[in-house]
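Chain letters run A, B, ... following the sequence lines, proteins first, then strands; residues in each count from 1. Because the structure is predicted, anything quoted here is derived from the model rather than measured.
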There are 2 protein chains.
Amino acid sequence: MIRHRIFRLTNPSIRWRILLPVVNESSRLSAQDWARAALKAIADGGLAAVAVEPLARTLGVTKGSFYAHYRNRDELITAALTEWARSHGAEGLAEFAAIADPARRLRELLTTVVQAVQPLAPSVHLSLLGDRNDPRVRDAVHQVNQARLELLARTYRELGLPPDRATSRARVAYAAILGLLHLAQTDPDAPHSAVLADEATAIFLPS
Amino acid sequence: MIRHRIFRLTNPSIRWRILLPVVNESSRLSAQDWARAALKAIADGGLAAVAVEPLARTLGVTKGSFYAHYRNRDELITAALTEWARSHGAEGLAEFAAIADPARRLRELLTTVVQAVQPLAPSVHLSLLGDRNDPRVRDAVHQVNQARLELLARTYRELGLPPDRATSRARVAYAAILGLLHLAQTDPDAPHSAVLADEATAIFLPS
DNA sequence: TCTCTTTAATACTGTCGCGTATGGATACGG
DNA sequence: CCGTATCCATACGCGACAGTATTAAAGAGA
């Protein structure tokens, strides 16, 4: 206990630099830090891994800290899911939506939409499928999928497909991207994603 | 306690018929019954839902029964995953592999491979995504995916595609099927699978 | 420097699930 | 009908986590 005090007084923020590049620069945690840690936990263990005490341990604090930011575990989960849906829904697609040429936009979408947004994003998406019975999870995933599907469908329309065909085409194309992600995460010797992105592009770009 | 005895003596197997159509006809449980219950739990809660005492409750017994069949929880999980991988790997594909005409085989595969094998199979597959860090899960999923991919690739070769293109084509096609499953499970207003199966077939059947 | 707010530590209670021990009940072969 | 193996109930100890209460420390502002 004494040692702990000395440690913190001597260098209040050293533990971050070493143990936790995730959190902010200050020596104290914010609600966002907890939400980010929760997302990281989701990415490699699903909702079940969002446990207050284990999270506190990896953050180098005790749960006394947590309850200064959230009322309970559910509130943290909701916050994390909301944050994820926000940053990966319409908002996360802004840069793609801004591309004027539909052909180029489609190519970009097909190759990077899932991977590019944030490094741990795909893992979160996949992990959430395991908890799809939770209504909050279902909403968040649906929101993200919907935003992407709409952009894809719009792109196909701009490429000349009739509306209904554009919709189902977008659905199958997006499904393929999701599935490739799925395979990549469970296959140890999966081919590099670039190769498959090319294959997918060849298939899903209307000739 | 008395009432319990009376209940069992009066009609030893009534509770099954009413509460648990999953289990066998006998009034006592087998190891397979537990494995099946475990798979059901996985289907709607992932590995975390495979908990001995809750399972015992839904089966109408206490955990004293469980430990007569398995040494511990891990053994049950392994058994359930092994059973799933067996019945959904090469073995579950036998009837498709038996189809001589590659075009018809491909069509059947694309429309029914994931849904048809067993009703709760797709849910298990998706739920396992949330636990893909567990090596046993990874193995089981990989085994099932691999069997399907190989059959698909073989089919594409028989349809005249060069081997490497057949492989990547199979991969993208299978990914699309998986992804459609993802979407169907998270989308409340998802279009009927038949429609999309048609769309998929149109895309993935080489012209 | 003093005060106020935010963040964190500590100690507690309650709950849930795992695993063990033990004895009773049931099915089945002789 | 009897004995034995299998299945099941009960009671127990244990550890992990949620949540509360209380107190202390750190940061921000006057």
Side-chain angles (χ1 to χ4, degrees), chain A residues 1-16 19-20 23-38 41 45-79, chain B residues 1-16 19-20 23-35 37-38 41-42 45-79:
Chain A
M1 175 183 165
I2 302 276
R3 292 171 86 185
H4 183 59
R5 298 272 181 263
I6 290 173
F7 175 67
R8 292 201 59 182
L9 290 173
T10 312
N11 190 337
S13 68
I14 187 170
R15 55 180 175 181
W16 316 120
L19 296 173
L20 295 166
V23 298
N24 61 30
E25 281 304 309
S26 154
S27 74
R28 301 174 81 179
L29 298 174
S30 71
Q32 260 214 13
D33 293 328
W34 283 94
R36 270 196 275 267
L47 276 199
V50 182
V52 177
E53 281 166 316
L55 276 182
R57 276 194 289 274
T58 71
L59 286 172
V61 296
T62 68
K63 63 179 172 181
S65 163
F66 172 79
Y67 289 98
H69 298 284
Y70 296 93
R71 274 214 299 273
N72 51 38
R73 174 175 176 269
D74 274 341
E75 217 172 58
L76 171 64
I77 291 176
T78 301
Chain B
M1 173 179 164
I2 301 277
R3 292 171 88 185
H4 183 58
R5 298 273 180 263
I6 290 174
F7 176 68
R8 292 203 58 183
L9 289 172
T10 312
N11 190 337
S13 68
I14 188 171
R15 55 179 173 180
W16 313 122
L19 295 174
L20 296 166
V23 299
N24 60 30
E25 281 306 309
S26 155
S27 74
R28 302 173 81 177
L29 299 175
S30 70
Q32 259 213 15
D33 293 326
W34 282 94
I42 289 176
L47 278 198
V50 182
V52 177
E53 281 165 315
L55 277 182
R57 277 194 289 274
T58 71
L59 285 172
V61 296
T62 67
K63 63 181 171 177
S65 164
F66 173 79
Y67 289 99
H69 298 285
Y70 297 92
R71 274 214 300 272
N72 51 38
R73 176 175 175 269
D74 274 343
E75 216 171 60
L76 172 63
I77 291 177
T78 301

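The separation between A/L47 atom CG and D/dC17 atom C1' is 16 Å, rounded to whole Å. Rounded to whole Å, atom C1' of D/dA18 lies 13 Å from atom CH2 of A/W34. When the P atom of D/dC7 is taken as reference, atom CD of B/Q32 falls 13 Å away, rounded to whole Å. Atom CZ of A/R28 and atom P of C/dA8 are 6 Å apart (whole Å).
The one candidate from A/N72, A/L76, A/V61 that meets the side-chain contact (heavy atoms from CB on, under 4.5 Å) condition with A/F66 is A/L76. Among the candidates B/L59, B/L55, B/L29, B/V52, the single residue satisfying the side-chain contact (heavy atoms from CB on, under 4.5 Å) test with B/S65 is B/L29.
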Could you write out each protein N or O paired with an N or O of nucleotides 16-19 of chain C at a distance under 3.5 Å?
from, atom 1, to, atom 2, distance (Å)
C/dG17, OP2, B/R57, NH2, 3.0
C/dG17, N9, B/E53, OE1, 3.4
C/dC18, OP1, B/V52, N, 2.9
C/dC18, OP2, B/V52, N, 2.8
C/dC18, OP2, B/E53, N, 3.0
C/dC18, N4, B/K63, NZ, 3.0
C/dG19, OP2, B/Y67, OH, 3.4
C/dG19, OP2, B/R73, N, 3.0
C/dG19, N7, B/K63, NZ, 3.0
C/dG19, O6, B/K63, NZ, 2.1

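In terms of phosphate contacts, B/H69 brings no side-chain nitrogen or oxygen within less than 4.0 Å of OP1 or OP2 of D/dT6.
With sequence neighbours left out, the side-chain hydrogen bond (donor to acceptor under 3.5 Å, both in side chains) criterion links B/E75 to no other residue.
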Task: For DNA chain C, the dot-bracket pattern of Watson-Crick and G-U pairs whose distances stay under 3.5 Å, | for other-strand partners - done: |||||||||||||||||||||||.||||||
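For the atom pair OG1 (A/T62) and CZ (A/R57), the distance works out to 11.0 Å, reported to the nearest 0.5 Å.
The shortest non-hydrogen separation linking B/A48 to B/R73 is CA-NH2, 4.3 Å. Summarising the geometry of B/A31 relative to B/Y70, their closest heavy-atom pair is O-OH, 2.8 Å, with the distance given to 0.1 Å.
A distance-only check finds no donor-acceptor pair linking the side chain of A/H69 to the backbone of A/D33 [under 3.5 Å].
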